[in-house]
Structures are given as structure tokens and as C-alpha cells.
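Some notes on the structure that comes next.
Naming: A, B, ... by sequence-line order, numbering from 1 per chain.
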Amino acid sequence: MSRLQRDFFTRDVLEVAPDLLGKILVRKFDDNSIKKYLITEVEAYRGHEDLACHASKGRTPRTEIMFHEGGHVYVYLIYGMYWMLNFVTDLKDTPQAVLIRGIEGFDGPGKLTKNLLIDKSFYGEDLISSNRLWIENSQISKDFKIKTTPRIGIDYAGDIYKNKLWRFITEKN
DNA sequence: TCAGTGATTAGG
DNA sequence: CTAATCACTGAG
């Protein structure tokens, strides 16, 4: 097993997002126990022109991290209750991120952060150097197909972007 | 179907 | 300061 390095994340989000499927999300807890989860569902949010992307409204304290180099973590609270886990992609000044919507065992972006104890303290974490959260290559055979659908919960994004097939889900062969 | 919940943001 | 907006979930 090897940790994914910077070059994996500094590509366009539409390449990184489907590539994350089947990879392993690794979480080391405060008691030093380690758990690993297969990534099963993601969504891509792509730059200032994508009206569903938080960064499309410009740089704010919340979206700041998306303007940094790929490999960093973007975490924010939604509906007053749920932390959303995202990975920043592509180069500096190209605000893009992948939302992790599902992992094996916990389907749903709010459920997985609750179970992995991920909150705002992970904002800005670097997946390349962090000692509590990173991604590893899977040695499991890639026995799945990738299904694409429109993204969830972004009706406000306008016809063009809300219909983009930027949600990627693993499906058994 | 629909309420709960609070950070974030733009606008006075 | 105020009010609107939300990459959701679970109960009924």
C-alpha cells in the first residue's frame, strides 16, 4: 500500500474524481487506531464557472482552501448539522474539489464524516503529509464499473451545470 | 412528504 | 446588525 502523492491531486477534477473510486480512505484516530475505507461515491465541483461550486462566487474565508494546490482538505458545515468532506484538486488558483459522498459501510456524505469523526479541524489538512487522514492505492482488483449521474442537491446551479454528469458511483460488474 | 440546525454570506 | 441560504438525514 502506498499513499497517493501530490501529483495525483494536481490534475483536473474530472480526472481525479473518478480515479478516487476504489481507492482507500485512511483515518488514524487519536488513540492511534487506523481504519481504512473503500471510496464508492464522489462528486466533482469545478472552478469559478461551475455555479454549483462554492468557489464560483469568489474567494471567501470558507472557499480559500480551494484556491490552493491539490491535495488539501476542504471541510464545511451544511444545514447546521453535517460536515462535508472534500479534497481540493488541480493547481493553485484553479478552485476545484471532490466531495466524498460515500465509502464502504457509510453511504452518505453526512454519515461518513460523523463516523470518521471529521470536523472543521480538518479544514486545510494536507493529505500528503497528514498523520490522521490520507488516501492509499488499493491492491484490490478493480472489479467495478463507474456510473455517472447529475449531482445531488444543486438545483440552484442553473440548467447547464446542474445537468452535468459529475457524480461518480462504483457499480458491481 | 418535511423539520431540525447553525456557519457563512451579502446587504443595510 | 439582520435575514436568506444551504454538496443532508431520519422519522413518519
Side-chain angles (χ1 to χ4, degrees), chain A residues 4 8-25 27 35 37-90 93-127 130 133-135 146-171:
Chain A
L4 296 185
F8 178 88
F9 298 99
T10 51
R11 296 177 293 148
D12 191 280
V13 69
L14 295 179
E15 292 182 38
V16 177
D19 248 17
L20 277 170
L21 296 177
K23 297 286 192 293
I24 306 295
L25 177 64
R27 170 80 168 100
K35 287 196 176 149
Y37 309 87
L38 198 66
I39 297 173
T40 58
E41 181 179 345
V42 300
E43 279 179 5
Y45 289 86
R46 189 167 186 271
H48 63 274
E49 77 277 8
D50 175 8
L51 298 180
C53 182
H54 291 161
S56 67
K57 298 193 193 84
R59 198 189 278 235
T60 69
R62 186 177 64 156
T63 61
E64 170 68 24
I65 196 67
M66 277 202 272
F67 290 81
H68 290 224
E69 192 175 37
H72 294 270
V73 175
Y74 171 40
V75 174
Y76 68 93
L77 189 71
I78 191 67
Y79 303 124
M81 286 179 225
Y82 302 103
W83 296 103
M84 299 286 106
L85 174 63
N86 302 249
F87 303 146
V88 176
T89 70
D90 214 331
D93 296 322
T94 54
Q96 305 182 346
V98 180
L99 168 67
I100 307 303
R101 289 193 62 90
I103 55 180
E104 200 167 53
F106 303 114
D107 226 22
K111 283 192 234 174
L112 79 87
T113 52
K114 185 180 169 192
N115 281 279
L116 300 204
L117 304 180
I118 286 170
D119 60 18
K120 182 149 190 149
S121 74
F122 282 81
Y123 183 95
E125 193 96 356
D126 186 0
L127 293 170
S130 173
L133 188 69
W134 64 91
I135 313 295
I146 295 177
K147 179 184 173 186
T148 59
T149 80
R151 293 170 290 176
I152 304 296
I154 53 151
D155 285 347
Y156 61 88
D159 287 342
I160 295 177
Y161 282 97
K162 84 177 178 196
N163 292 320
K164 294 277 188 193
L165 300 176
W166 287 354
R167 179 176 177 227
F168 304 91
I169 312 170
T170 58
E171 224 178 29

Legend entry - Syn/anti label of C:dA7 as read from its glycosidic torsion, with the cut at 90° from 0: syn

Inset, instruction - With a 4.0 Å heavy-atom cut-off, tell me which residues in residues 95-103 of chain A come close to DNA chain C, sorted by residue number. - result: A:L99, A:R101

Inset, instruction - Using a 4.0 Å heavy-atom cut-off across all strands, classify A:M81 as base, sugar-phosphate, or nothing. - result: base

Inset, instruction - Go through residues 43-67 of chain A and report each residue with a non-hydrogen atom lying under 4.0 Å from DNA chain C, sorted by number. - result: A:Y45, A:A52, A:H54

Inset, instruction - Sort out for me which residue in A:T94, A:V98, A:T10 forms a side chain to side chain contact (heavy atoms under 4.5 Å, CB included) with A:T89. - result: A:V98

Inset, instruction - For the pair A:R27 and A:L117, evaluate side-chain contact (heavy atoms from CB on, under 4.5 Å) and give the outcome as yes or no after the intermediate values. - result: CA-CA 9 Å; A:R27 170 80 168 100; A:L117 304 180; 3.9 Å; yes

Inset, instruction - Ignoring hydrogens and angles, tell me if any N or O in the side chain of A:R151 forms a donor-acceptor pair with the backbone of A:K164 under 3.5 Å. - result: no

Inset, instruction - Enter the distance from A:I103:CD1 to A:E41:CD here, rounded to the nearest 0.5 Å. - result: 11.5 Å

Legend entry - Any A:L4 side-chain heavy atom under 4.5 Å of A:W134 side chain: no

Legend entry - Base-pair map of DNA chain C as dot-bracket, where | denotes pairing with a different strand and pairs are Watson-Crick or G-U under 3.5 Å: ||||||.||||.

Inset, instruction - First locate atom NZ of A:K162, then atom OH of A:Y156, and finally report the distance between them rounded to the nearest 0.5 Å. - result: 12.0 Å

Legend entry - Boundaries of the DNA chain C segment in contact with chain A, non-hydrogen, under 4.0 Å: C:dC6 to C:dG10

Legend entry - Backbone N/O of A:E125 and side chain of A:S130: donor-acceptor pair under 3.5 Å: no

Legend entry - A:R101 backbone acceptor or donor facing A:E43 side chain under 3.5 Å: no

Legend entry - Within 6.0 angstrom of A:K114 NZ, more than 12 heavy atoms from elsewhere: no

Legend entry - Atom pair OG1/CG of A:T40 and A:L20 - distance to nearest 0.5 Å: 11.5 Å

Legend entry - Interatomic distance, A:R11 atom CZ to A:D19 atom CG [nearest 0.5 angstrom]: 4.5 Å

Legend entry - Worked verdict on A:Y161 versus A:E49 for side-chain contact (heavy atoms from CB on, under 4.5 Å): CA-CA 9 Å; A:Y161 282 97; A:E49 77 277 8; 3.1 Å; yes

Legend entry - Gap separating the CZ atom of A:F122 from the CG atom of A:L85, nearest 0.5 angstrom: 9.0 Å

Inset, instruction - Would you check if A:I135 and A:L25 make a side-chain contact, meaning some heavy-atom pair closer than 4.5 Å? - result: yes

Inset, instruction - Could you identify which residues of residues 104-116 of chain A place a heavy atom less than 4.0 Å from some atom of DNA chain C, listed by residue number, or say none? - result: A:G108, A:P109, A:G110, A:K111

Legend entry - Bounds of contact between DNA chain B and chain A, in 5' to 3' order, using a heavy-atom cut-off under 4.0 Å: B:dG4 to B:dT9

Legend entry - Gap separating the OH atom of A:Y74 from the CZ atom of A:F87, nearest 0.5 angstrom: 14.5 Å

Inset, instruction - Please name the residue in the list A:M66, A:Q96, A:R46 that meets the side chain to side chain contact (heavy atoms under 4.5 Å, CB included) test with A:C53. - result: A:M66

Legend entry - More than 12 heavy atoms of other groups within 6.0 Å of A:H48 NE2: no

